[in-house]
Amino acid sequence: MNIPIIPETASSVRTTCPYCGVGCGVRATVHADGTTEISGDTQHPANAGRLCVKGSALDETIGLDGRLLYPHMRDSSTSNLQRTSWNQALDTVAQGFSDIIKRHGPDAVAFYVSGQLLTEDYYIANKLMKGYIGSANIDTNSRLCMSSAVAGHKRAFGADLMPVCYEDLELADLVVLIGSNTAWCHPVLFQRIAKIRETRPAMKLVVIDPRRTATCELADLHLPVKAGTDVWLFNGLLHYLSQHGKTDAAFVAAHTNGLDEALAAAAASSADPLTVAKICKVNVRDLLAFYDLFASTEKVVSAFSQGVNQSSAGTDKVNSIINCHLLSGRIGRPGMGPFSITGQPNAMGGREVGGLANMLAAHMDLDNPAHRQTVQTFWNAPRIADKPGLKAVDLFQAIEQGKVKAVWIMATNPVVSLPDADQVQRALARCELVVVSDITEKTDTNDYAHVLLPALGWGEKDGTVTNSERRISRQRPFLSPPGEARADWQILCSVAQRMGFDGFRYQSVHEIFDEHARLTAHDNAAENTGRQPRLLNLSGLCGMSKTQFNAMQPVQWPVMPAAHDEPQGTQRLFTDHHFVHPDGKARFIPTAPRTPKNMPDQDYPLSLNTGRVRDQWHTMTRSGKSPKLNNHITESFIDMHPQDALLCGVREGSLARVSSPWGAMVARVQHGGGIPRGSIFVPIHWNNQSASDARIGAVVNPVVDPISGEPEFKHTPVRVEEFPVSWHGFILSRHDLALGEIAHWGRIQGRALTHYEVAGRNQISHHGQWARQLFGIHDPDADWLEYEDKTAAIYRAVHIRDDRIESCLFLSPRPDLPSRTWLASLFAKDMLEEADRVGLLIGQPIEKGIDTGSTICSCFGVGRNTICDTIRQQNITSVAQVTSCLKAGGNCGSCVPEIKKLLELTMAATEEN
Ligand SMILES: Nc1nc2c(c(=O)[nH]1)N[C@H]1C(S)=C(S)[C@@H](COP(=O)(O)OP(=O)(O)OC[C@H]3O[C@@H](n4cnc5c(=O)[nH]c(N)nc54)[C@H](O)[C@@H]3O)O[C@H]1N2
Ligand SMILES: Nc1nc2c(c(=O)[nH]1)N[C@H]1C(S)=C(S)[C@@H](COP(=O)(O)OP(=O)(O)OC[C@H]3O[C@@H](n4cnc5c(=O)[nH]c(N)nc54)[C@H](O)[C@@H]3O)O[C@H]1N2
Ligand code: SF4
Ligand SMILES: [Mo]
């Protein structure tokens with residue numbers, strides 16, 4: 001276990017959740033026995049005490065198993081990573097970067113950073129690259145995430161500004177969720193919407209998403225828009241508003257520019273709702289119902305996420321949404337506005353310090369000489385980058401081409417998360433110097449590191465993050481630094497100093513935060529500069545003492561010195577209808593829709609959509625440590641329509657291969673029910689550590705939005721075909737196993753066990769021998785139960801030691817194996833009961849009804865079968881009744897949409913019978 005900062009009595013630290021951009025406040029209580037308890041911070045405005053399932057499972061992710069604890073360097077003779085000293089590692093990084101800069105210039109090096117860094121880490125990385133090395137080659141995984149929203153905001157408002165706050169979602173009479181699976185990806189925000197709808201049933205919820213996601217379970221209207229067609233849909237809405245006189249003429253005249261061009265573009269593509277409905281593949285009545293609802297409701301929030309941003313038309317999608325809010329004047333007032341829901345915990349903070357390759361710092365622009373001057377003078381920097389650096393996808397291409405010769409990757413796992421991810425492997429394999437700072441020992445990216453640096457993780461690190469509503473919160477440490485891990489900013493400063501740069505002698509994060517706050521205020525008054533002031537202004541937070549910084553309460557920027565008048569900073573932007581373009585007006589942007597570059601064809605007939613599942617976080621380095629979270633979905637999958645499966649010759653439950661011209665992956669086919677014909681959905685999380693061949697990034701096309709550079713993660717033409725194997729199986733084992741050569745495997749951490757799914761092509765001649773070898777059993781008298789049906793090629797074995805189940809293995813030529821849930825539950829027992837033993841080889845309890853099925857409620861471990869049985873037996877008709885019978889859904893609420901779906905399915909099935 002990680003070593004907590006052990007207090008004499010239980011002590012609570014208020015910190016912030018390290019996962020999504022909702023930015024929930026967390027209370028971490030360290031007990032005197034060293035255990036840590038996690039709960040929601042009732043005082044935090046984002047969540048008022050709520051936590052979703054990922055947040056509430058944080059205690060299961062802070063242990064030291066799998067942590068990177070010491071610096072490592074690759075031994076050139078063995079090619080293995082060897083432990084080294086910090087001195088050696090830092091010297092190697094500093095010298096390597098300096099040498100390459102000397103030989104090839106500053107643009108031959110790059111940083112690739114992350115929205116999971118704290119603002120202070122980010123600030124230092126940006127300062128070092130743009131002000132001292134003198135290149136803008138620092139980009140971040142926010143390029144893959146929020147950059148279309150950034151570009152859209154800049155075009156419409158003049159700067160990257162998020163007008164609304166969370167409360168607006170509760171004040172709205174209509175919430176439109178566009179390309180956002182809020183129920184799974186921003187669960188606490190979704191719960192806030194669900195809760196308010198209980199008290200205000202008239203409030204409407206519309207979901208625009210090609211898939212019928214869990215989010216749709218609570219929606220009044222779901223528009224299953226064809227992927228990529230949102231601009232047609234919102235252009236149609238703009239035209240409709242204009243045609244029906246639902247405009248705010250006074251607002252448009254006084255505070256905006258460019259309406260005529262935007263309306264002309266909208267009319268050209270989307271004047272006729274019938275045509276729009278056809279292009280978007282939605283029912284025209286539903287489309288008009290949405291248009292009418294939007295037109296007739298004053299308080300509308302349009303919240304959007306990756307279904308909008310991650311598109312080759314991402315920036316236009318964003319502006320087509322904002323255009324509708326500008327035309328109806330629905331911005332800058334309570335309960336209305338366009339709302340970009342951010343992904344990572346510090347996606348916003350990174351943007352504030354200029355972590356993107358085309359930004360400077362404190363919302364200043366690289367292409368503005370006055371801004372460059374301001375920043376350079378403030379930093380007292382030897383130089384300042386004067387042209388944009390390489391954006392993520394271009395950066396890794398430049399690495400492969402040998403133009404960029406050294407890269408430092410921090411807090412991101414690009415071998416999994418970038419599009420055309422095999423290209424990233426090729427790039428890193430030929431890069432002269434690859435430095436990786438991470439908290440995890442084994443990741444797909446670490447495999448390519450020449451120098452591997454151990455960073456402090458959540459609970460250990462200290463600093464600030466900004467959530468989706470511009471709220472800056474503190475992350476505070478409650479665990480001792482493990483091994484030799486150091487904070488990311490410290491590592492950066494040590495390298496900067498070794499490269500001979502002044503300006504990196506900080507004693508603590510507090511000093512860095514203060515410098516960042518001062519830069520936001522520097523040269524930032526209209527009377528000084530003759531320009532529009534920058535709204536990102538933290539002058540009210542400048543000059544805090546360390547004690548004040550440590551006690552800092554969550555606050556929304558801008559925070560002006562009169563903070564005591566409005567201690568919450570600024571809830572909403574543009575309340576005075578003043579925007580930040582030089583003329584103070586907002587801009588309509590004409591958005592001519594276009595189809596993606598790569599379209600499905602005969603060879604690649606389906607469109608690949610990728611995204612998240614409820615209980616995993618990105619590349620699973622942290623959420624994958626939690627047995628509670630791993631129970632929800634235990635392996636990667638290909639969700640597709642049954643008719644498409646039939647056409648591709650694959651079946652539910654069997655393995656299939658998804659391929660594109662860029663790469664391939666393998667996973668199990670399922671019919672979730674929510675996928676339209678012509679497309680498939682694959683989760684982003686699985687990687688080379690958790691499966692043999694499940695990296696979906698390898699399949700994704702490296703097409704990007706021309707303005708933002710954000711990749712088109714939601715659409716790649718692909719083919720699905722059978723992945724032929726001659727046997728399927730699963731293994732549950734208390735110990736990690738070496739599986740050897742095997743056609744397909746997936747691995748996940750369970751409670752007291754590792755769960756493997758396996759499949760092979762080679763016939764196993766002696767099953768018993770093979771199984772014993774796999775489990776390392778040499779004792780002929782071992783407690784070993786076995787069943788074999790040679791004709792049917794079915795084999796099952798269970799190893800018991802001291803009356804405890806040690807491991808089990810089930811093999812069959814078909815994927816119709818017993819449920820893993822009951823067998824896995826036996827690993828929690830110190831002693832098997834007689835009844836358990838009887839059920840072992842059939843893989844199910846002899847008493848009916850004990851197999852709970854796959855986990856739906858992770859908090860209370862309630863399975864699908866239990867919920868369905870209870871609904872049937874007790875004639876249940878509401879989610880509340882399920883919760884009162886089984887507790888399911890009663891804690892974090894993340895599973896409520898799934899319970900609602902099960903309720904509907906079970907009730908419908910009961911009626912049919
Ligand atoms: N559980 C969990 N939560 C997370 C994360 C996680 O890894 N796991 N990651 C966090 C991060 S960094 C991010 S960025 C967010 C992402 O949060 P979301 O954007 O909500 O999540 P995604 O699953 O990527 O995609 C959202 C939806 O976009 C839909 N979509 C695809 N194409 C289109 C289209 O053309 N138009 C429209 N309208 N919709 C489309 C997809 O079907 C999908 O349901 O989640 C954050 N929260
Ligand atoms: N196909 C497809 N691909 C996608 C997406 C998609 O929808 N579809 N979404 C994209 C989006 S929106 C995002 S945000 C990315 C996310 O993709 P990544 O950023 O690659 O995913 P993570 O697993 O969050 O990687 C974070 C890494 O940092 C490490 N880490 C955690 N905390 C710290 C720390 O404090 N310091 C350091 N130095 N390391 C730390 C973790 O161990 C992990 O290795 O994926 C993108 N890729
Ligand atoms: S919604 Fe969940 S993952 Fe997101 S910040 Fe809150 S607790 Fe963390
Ligand atoms: Mo993201």
Side-chain angles (χ1 to χ4, degrees), residues 16-26 38 40 44 46-47 50-58 66-68 112-118 121 140-147 182 185-192 305-307 309-310 342-347 392 409-419 421 436-446 453-458 460-461 463 465 467-468 475 485-488 491 608-612 616-624 682-685 687 689 695-700 710-714 716 892 894:
T16 312
C17 176
Y19 294 124
C20 85
V22 179
C24 295
V26 170
I38 298 293
H44 199 288
N47 56 321
R50 296 182 187 94
L51 287 182
C52 78
V53 61
K54 291 185 300 300
S56 51
L58 274 165
R67 272 296 294 273
L68 175 67
Y112 182 56
V113 303
S114 162
Q116 289 165 78
L117 290 175
L118 302 178
D121 304 320
T140 142
N141 63 0
S142 284
R143 180 70 58 198
L144 319 179
C145 182
M146 307 313 310
S147 60
T182 328
C185 296
H186 299 92
V188 167
L189 268 194
F190 191 69
Q191 283 166 36
R192 284 181 66 163
S305 188
Q306 301 312 348
N309 295 338
Q310 289 174 339
T342 55
Q344 297 176 93
N346 202 26
I409 298 165
M410 291 167 228
T412 177
N413 195 356
V415 169
V416 186
S417 56
L418 271 174
V436 179
S437 303
D438 207 289
I439 59 165
T440 306
E441 189 185 3
K442 292 201 172 82
T443 74
D444 295 4
T445 301
N446 291 358
L453 305 171
L456 293 183
W458 182 78
E460 301 148 7
K461 59 186 185 176
V465 288
N467 74 2
S468 293
Q475 267 198 23
R486 294 184 183 174
D488 285 294
I491 305 174
L608 165 72
N609 176 6
T610 59
R612 292 147 174 85
Q616 290 297 344
W617 177 260
H618 296 166
T619 70
M620 302 165 96
T621 59
R622 290 178 292 150
S623 52
V682 178
I684 61 173
H685 311 286
N687 54 76
Q689 314 301 314
R695 250 177 346 116
I696 192 61
V699 185
V700 175
E710 178 149 353
E712 181 137 70
F713 281 121
K714 302 293 191 241
T716 305
C892 77
S894 297

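Counting from 1, the numbers follow the sequence of the chain as shown. In each ligand, atom 1 is the first atom listed, and ligand 1 is the first ligand listed.
Counting all heavy atoms, side chain and backbone alike, Gly55 lies closest to Tyr19 at N-CD1, 4.4 Å. Counting all heavy atoms, side chain and backbone alike, Ala485 lies closest to Ala455 at CB-O, 3.6 Å. For the residue pair Leu51 and Gly25, the shortest heavy atom distance occurs at CD2-O, 3.9 Å. Taking every heavy atom of both residues into account, Val465 and Pro345 meet most closely at CB-O, 3.7 Å. Summarising the geometry of Cys17 relative to Val26, their closest heavy-atom pair is N-CG2, 3.6 Å, with the distance given to 0.1 Å.
Among protein heavy atoms, the minimum distance from atom 10 (C) of ligand 2 is reached at Gln310 NE2, 3.5 Å. The closest protein non-hydrogen atom to atom 22 (P) of ligand 2 is His618 CB, 3.4 Å. In this structure, the protein non-hydrogen atom closest to atom 24 (O) of ligand 2 is Gln116 NE2, 2.7 Å. Summary of contacts: the protein heavy atom closest to atom 6 (C) of ligand 2 is Ile684 CG2, 3.5 Å. If you check which protein heavy atom lies closest to atom 8 (N) of ligand 2, you get Thr610 OG1, 2.8 Å. Summary of contacts: the protein heavy atom closest to atom 30 (N) of ligand 2 is Ile439 CG1, 3.7 Å.
Counting only distance, with no hydrogens or angles, the side chain of Trp617 and the backbone of Cys20 share no donor-acceptor pair below 3.5 Å. Checking side-chain atoms of Gln310 against main-chain N and O of Leu144 turns up a donor-acceptor pair under 3.5 Å. The backbone N or O of Ala46 lies less than 3.5 Å from a partner atom in the side chain of Arg192, making a donor-acceptor pair. For Gln306 (side chain) and Cys145 (main-chain N/O), a donor-acceptor pair under 3.5 Å exists by modelled atom type. A donor-acceptor pair under 3.5 Å links the side-chain atoms of Thr610 to the main chain of Phe713, judged by distance alone. Looking only at distances, a side-chain donor or acceptor of Thr445 sits under 3.5 Å from a matching main-chain atom of Val415. Side-chain atoms of Asp121 do not come within 3.5 Å of backbone N or O of Ala487 as any donor-acceptor pair. A donor-acceptor pair under 3.5 Å is formed between the side chain of Gln191 and the backbone N or O of Cys892. For the pair Asn346 (side chain) and Leu117 (backbone), a donor-acceptor distance under 3.5 Å is present.
Below 4.0 Å from some heavy atom of Thr619 lie the following atoms of ligand 2, by number and element: 21 (O), 22 (P), 23 (O). Near Ala455, meaning under 4.0 Å from one of its heavy atoms, ligand 2 places the atoms 36 (N), 37 (C), 38 (N). Each of the atoms 37 (C), 38 (N), 39 (N) of ligand 2 lies under 4.0 Å from some heavy atom of Ser437. Close approach of ligand 2 to Thr440 (heavy-atom distance below 4.0 Å) involves ligand atoms 42 (O). The atoms of ligand 2 that sit less than 4.0 Å from any heavy atom of Val700 are 1 (N). Residue-ligand proximity, Asn141 to ligand 2, at heavy-atom distances under 4.0 Å covers atoms 19 (O). Interface of Lys461 with ligand 2, defined as ligand atoms under 4.0 Å from a residue heavy atom, comprises 34 (C), 35 (O).
The nearest non-hydrogen atom to atom 45 (O) of ligand 2, considering only Ser417, Gly624, Pro414, comes from Ser417. One option in Asp438, Asp121, Asn446, Leu608 has a heavy atom closer to atom 44 (O) of ligand 2 than any other, and that option is Asp438. Distances from atom 4 (C) of ligand 2 to the heavy atoms of Tyr19, Trp458, Tyr112, Phe713 put Phe713 nearest.
Residue contacts with ligand 2, taken as heavy atom pairs separated by less than 4.0 Å, involve Thr621 solely via side-chain atoms from C-beta onward. With a 4.0 Å heavy-atom cut-off, ligand 2 is reached by the backbone of Ala411 and by its side chain too.
Each of Asn687, Thr619, Asn141, Asp438 was compared with Asn413 under the side chain to side chain donor-acceptor pair (under 3.5 Å) criterion, and only Thr619 meets it.
In terms of N/O distances under 3.5 Å, ligand 2 is approached by Arg612. In terms of N/O distances under 3.5 Å, ligand 2 is approached by Lys714. When only interatomic distances are considered, the shortest N/O to N/O separation between Arg622 and ligand 2 does not fall below 3.5 Å. The shortest N or O to N or O distance between Asp488 and ligand 2 is under 3.5 Å. Remark: ligand 2 and Leu456 share an N or O pair separated by less than 3.5 Å (distance only, no angle test).
Contact check for Pro187 versus Val53: no side-chain heavy atoms found under the 4.5 Å cut-off.
Evaluation of the salt bridge (charged side-chain N to carboxylate O under 4.0 Å, His left out) rule for Arg143 yields Asp139 as partners, not counting sequence neighbours.
Take atom 4 (Fe) of ligand 3 and draw a sphere of radius 2.8 Å; the protein N/O/S atoms inside it number 1.
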